[in-house]
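Below is one structure, written out as structure tokens, with a few remarks after it.
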Amino acid sequence: MSRLIVRTVDLSKVYRRGKVSVLALRNVNLQIAAGEIAGIMGPSGSGKTTLLNLIGGLDKPTNGRIFVDGVDITALGERELADYRLKKVGFVFQFYNLIPTLTALENVEIPLALAGVPKNERRERALNLLKMVGLEDRAEHKPDELSGGEQQRVAIARALINNPSIVLADEPTGDLDSKSALALMNLIKDLNRRNGQTFIIVTHDPIVAERCTKIYTIRDGQIESA
Amino acid sequence: MFVWSIAVRNLRRRRLRTALTVSGIVVGISMMFILLSLVSGMESQARSMVRALGGADIIVSNSTSFRNGMGGPLGALPSPSTLDESIVDAIGGIQGVYAISPQFSFSCSINGRRITVYGVEPKSYEIVTGGLNIAEGRFLIENSNREIVLGKALMEFLNLTVGQTVSLNTGQEGREQTFNIVGVFETGMFFQEYAAYITLADAQNITGEYGLITQILVKCEDPSIVNDVASAISSTVPGVRVTTPTAVLQQANQMLNTLTMFFATIGLVALFAGSFGVVNTMMMSVTERTREIGILKAIGAKSYDIMKIFLAESLLIGLIGGGAGVAAGSILAYLFPTLTSGIFAIGISPFGMRNPFSGAAGRGWGSRATSAIIFTTPAITPINIIVCFSLGAFVGILAGLYPAWRASRMRPVEALRHV
Ligand SMILES: Nc1ncnc2c1ncn2[C@@H]1O[C@H](COP(=O)(O)OP(=O)(O)O)[C@@H](O)[C@H]1O
Ligand SMILES: [Mg+2]
């Protein structure tokens with residue numbers, strides 16, 4: 001087995017809402033190898049999104065550690081976490097991924113702008129990625145002028161623009177018809193083969209699951225099988 | 001950076017809301033602007049009034065202001081009441097008086113245009129007031145005959161040149177005389193330049209008021225004793241009004257400071273109300289775009305980046321509001337004299353302010369003096385434009401701070417749950 005890119009150690013997450021607390025993850029020990037397309041499946045409310053958000057540095061665990069490329073991200077401060085999200089990981093959500101007032105090209109450029117890349121280089125790199133996801137002719141379109149599948153492909157381009165080690169996708173085909181879902185998965189497989197990026201995809205969709213290199217099933221906040 | 005694109009496009013996307021929010025700022029800023037312009041106008045007029053009073057420390061005139069009623073329309077002024085020349089000696093004998101210069105001013109028509117003509121004794125006039133600023137030719141000389149010095153604006157209006165002659169007409173039967181133009185004076189204030197200077201003897205001759213004068217200009221031995229000399233004059237010479245221009249200027253400045261504070265308060269209150277609109281709009285904008293904030297944070301935006309996006313938006317509202325406010329205020333300021341001239345004609349009439357100021361040290365004349373200055377032409381100054389425009393921007397930023405902070409503090413996970 002190749003190098004581990006993500007390793008969680010006794011990861012737990014408790015959500016507290018006033019007096020009610022929800023144990024969303026309990027002692028999750030997960031290991032994902034670099035270059036995998038890892039599928040995370042499980043019933044609704046089982047903690048898939050929670051796990052993905054923790055790996056992506058969007059939230060802090062209640063207990064446990066997360067190592068990404070050997071770095072314990074649970075030890076990072078808020079600014080360092082923002083930097084981690086900017087450079088190490090890319091996010092794709094189920095829908096409304098894009099900033100509605102910006103064009104496809106500008107959306108892809110955001111992470112570069114946040115990283116302080118000069119405008120000309122930004123343009124060029126964003127256009128290249130749009131070309132890679134097959135949307136170079138949609139560069140100047142706003143999100144509401146794009147189909148759901150096209151929007152998701154723009155989101156993937158944006159997730160990839162800073163050359164992250166991991167792309168995290170939370171039900172990326174959840175809002176797509178099967179044809180668009182298939183196209184998106186083929187794109188992911190293609191990118192994975194070409195650039196070796198690790199994808200972690202939360203999904204219910206068999207079209208996605210069939211194309212993952214590995215499936216993790218989560219139930220009641222625990223990993224069932226590996 | 002994409003910060004400005006996002007801000008501009010969000011404002012454009014909600015045109016009506018943006019317009020309403022901006023108009024709240026426009027009202028405050030334009031109000032502030034016109035009020036400040038009015039004060040500036042008053043200020044420059046107060047300054048020029050005192051300049052119009054000349055360099056004299058004290059001006060002595062008859063305690064009744066006008067001889068012949070209220071005069072005619074704009075520019076036609078009633079002539080001041082007269083004093084007997086004998087009081088010149090009385091005043092000259094008062095301790096602390098360095099020099100005096102009698103003067104006879106009257107309303108007169110020159111080539112058909114009614115103006116104020118001053119009859120002065122050239123030598124003493126220059127000693128007491130420091131003299132006129134001569135732009136061309138020369139000032140009057142002692143014992144010159146039928147010579148006249150005209151204001152630059154009047155020269156241009158009447159299309160005259162030095163060396164030509166003009167005809168003065170007091171309006172009385174057979175009182176028309178011809179004068180040689182020997183010089184042109186300049187003050188920079190066009191209405192002050194609608195005036196002419198001749199010798200005192202010529203003035204008395206054309207009006208037939210021999211042995212009479214209208215004012216005595218006094219220069220004191222030392223500026224510090226002006227008030228003492230002024231009260232000595234009031235107590236020794238009966239029936240005169242004694243004016244000290246510096247006292248008038250002080251009084252005017254005091255009044256203007258109060259007015260500025262008052263107006264600025266009104267403007268700020270309006271602006272404060274308008275800024276609530278901005279806060280409200282920005283809070284709405286933040287709430288509407290919760291998901292957007294979540295996405296931006298998820299892809300690596302720092303709190304500071306989020307803050308910038310929303311501050312840019314409220315700053316833009318402030319800038320547009322400030323710009324439009326200054327523009328609207330300028331238009332109002334420009335129209336102001338037209339809108340009010342019918343009611344306050346006396347206030348803006350050339351030299352009209354000279355008489356209201358001739359109260360005993362301005363006392364008891366406050367209201368007259370005030371009305372003379374208030375209803376004046378607002379001055380649109382670069383300072384006021386900069387102040388009001390920056391104020392708009394400042395209010396925009398200020399009103400955006402809290403909403404932007406709220407946006408920046410949103411936790412990404414919470415924000416992303418929002419659809
Ligand atoms: N911010 C939150 N506050 C409180 N409870 C939450 C929050 N996020 C998720 N939960 C709860 O945690 C559990 C796991 O949620 P989630 O990770 O979203 O599940 P999944 O993505 O598998 O549907 C659920 O019971 C959910 O209601
Ligand atoms: Mg979920």
Side-chain angles (χ1 to χ4, degrees), chain A residues 13 15 24 49-50 52-54 56-60 77-103 105-119 122 126 142-144 155 158-162 164 167-168 170, chain B residues 1-18 281-282 284-317 404-419:
Chain A
K13 178 71 183 177
Y15 290 112
T49 296
T50 303
L52 207 68
N53 287 347
L54 288 177
L58 280 178
D59 207 355
K60 291 269 192 181
E78 208 189 307
R79 287 185 70 86
E80 293 166 313
L81 264 185
D83 238 27
Y84 164 77
R85 294 194 295 262
L86 180 60
K87 288 164 186 161
K88 267 315 231 185
V89 294
F91 270 100
V92 179
F93 302 99
Q94 184 174 347
F95 41 65
Y96 300 132
N97 263 299
L98 305 178
I99 305 305
T101 43
L102 298 181
T103 64
L105 184 66
E106 287 167 332
N107 263 284
V108 178
E109 276 184 65
I110 298 173
L112 292 176
L114 289 171
V117 174
K119 190 164 179 99
R122 242 153 62 192
K142 295 273 177 69
D144 60 5
R158 189 181 61 194
L160 290 170
I161 190 105
N162 270 332
V167 176
L168 303 166
D170 196 348
Chain B
M1 187 62 163
F2 61 98
V3 163
W4 293 104
S5 315
I6 294 182
V8 168
R9 290 180 207 173
N10 275 297
L11 290 176
R12 270 211 225 130
R13 199 160 63 142
R14 302 235 180 254
R15 269 168 218 277
L16 182 62
R17 188 169 79 185
T18 303
T281 294
M282 289 311 298
M284 272 162 78
S285 192
V286 168
T287 309
E288 281 168 5
R289 284 152 65 199
T290 301
R291 168 114 190 143
E292 189 174 320
I293 295 164
I295 299 276
L296 283 168
K297 285 204 154 182
I299 63 175
K302 298 184 174 58
S303 299
Y304 163 77
D305 296 312
I306 304 295
M307 190 112 184
K308 277 199 293 193
I309 290 173
F310 287 94
L311 277 183
E313 194 170 320
S314 66
L315 172 62
L316 275 178
I317 291 176
W405 180 78
R406 282 283 295 264
S408 76
R409 298 304 306 163
M410 270 184 195
R411 298 189 39 228
V413 180
E414 307 288 332
L416 283 166
R417 285 162 68 90
H418 199 275
V419 177

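Just the heavy atoms: all of them, side chains too, but no hydrogens, waters or symmetry mates, feed the values below. Below, read A as the first sequence line, B as the second, and so on, with proteins coming before strands; counting in each chain starts at 1.
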**A:Leu102 versus B:Ser5, closest heavy-atom pair with distance** = CD2-CB, 4.1 Å

**Asked** Given that the side chain runs from C-beta out, which part of A:Glu109 has a heavy atom under 4.5 Å from chain B: side chain, backbone, both or neither?
**Response** neither

**Asked** Checking B:Arg411 against chain A: side chain, backbone, both or neither under 4.5 Å from a heavy atom?
**Response** side chain

**Asked** Got a second to check how far B:Arg291's CZ is from A:Leu98's CG, nearest 0.5 Å?
**Response** 10.0 Å

**Prompt:** At what distance, to the nearest 0.5 angstrom, does CG of A:Leu81 lie from NZ of B:Lys297?
**Reply:** 11.0 Å

**Prompt:** Is there side-chain contact between A:Arg158 and B:Ile295, with at least one heavy-atom pair below 4.5 Å?
**Reply:** yes

**Asked** Where on A:Asn53 is there a heavy atom nearer than 4.5 Å to chain B: the side chain, the backbone, both, or neither?
**Response** side chain

**Message:** Counting only heavy atoms not in B:Glu414 (residues, nucleotides, ligands), do more than 12 fall under 6.0 Å from its CD?
**Reply:** yes

**Prompt:** When heavy-atom pairs shorter than 4.5 Å are enumerated against chain B, which of A:Leu86, A:Leu168, A:Val89, A:Asn97 gives the highest number?
**Reply:** A:Leu86

**With B:Ile299, the side chain to side chain contact (heavy atoms under 4.5 Å, CB included) member among A:Asn162, A:Ile161, A:Ile110** = A:Ile110

**Item:** Heavy-atom contact with chain B under 4.5 Å, split by part of A:Lys142
**Value:** side chain

**Request:** Considering only heavy atoms and a distance below 4.5 Å, find which of A:Pro100, A:Ala115, A:Ala159, A:Pro111 pairs most often with chain B.
**Result:** A:Pro100

**Heavy-atom pair of closest approach, residues A:Leu114 and B:Gly300** = CD1-C, 3.9 Å

**Prompt:** Are more than 12 heavy atoms from other residues, nucleotides or ligands located less than 6.0 Å from atom CZ of B:Arg17?
**Reply:** yes

**Item:** Lys NZ or Arg CZ of A:Arg122 over B:Phe2 ring: under 6.0 Å, within 45°
**Value:** no

**Over all atoms of both residues, closest heavy-atom pair of A:Ala82 and B:Lys302** = CB-CG, 3.7 Å

**Prompt:** Checking B:Arg13 side chain against A:Thr101 main chain: does a donor-acceptor pair fall under 3.5 Å?
**Reply:** no

**Request:** Using a cut-off of under 4.5 Å on heavy-atom pairs, state which of A:Asp83, A:Thr50, A:Ile99 scores highest against chain B.
**Result:** A:Ile99

**Request:** Check each atom of A:Tyr84 against the heavy atoms of chain B and say whether the ones under 4.5 Å are side chain, backbone, both or neither.
**Result:** neither

**Asked** Taking atom CZ of A:Arg85 and atom CG of B:Leu296, what is their separation to the nearest 0.5 Å?
**Response** 11.0 Å

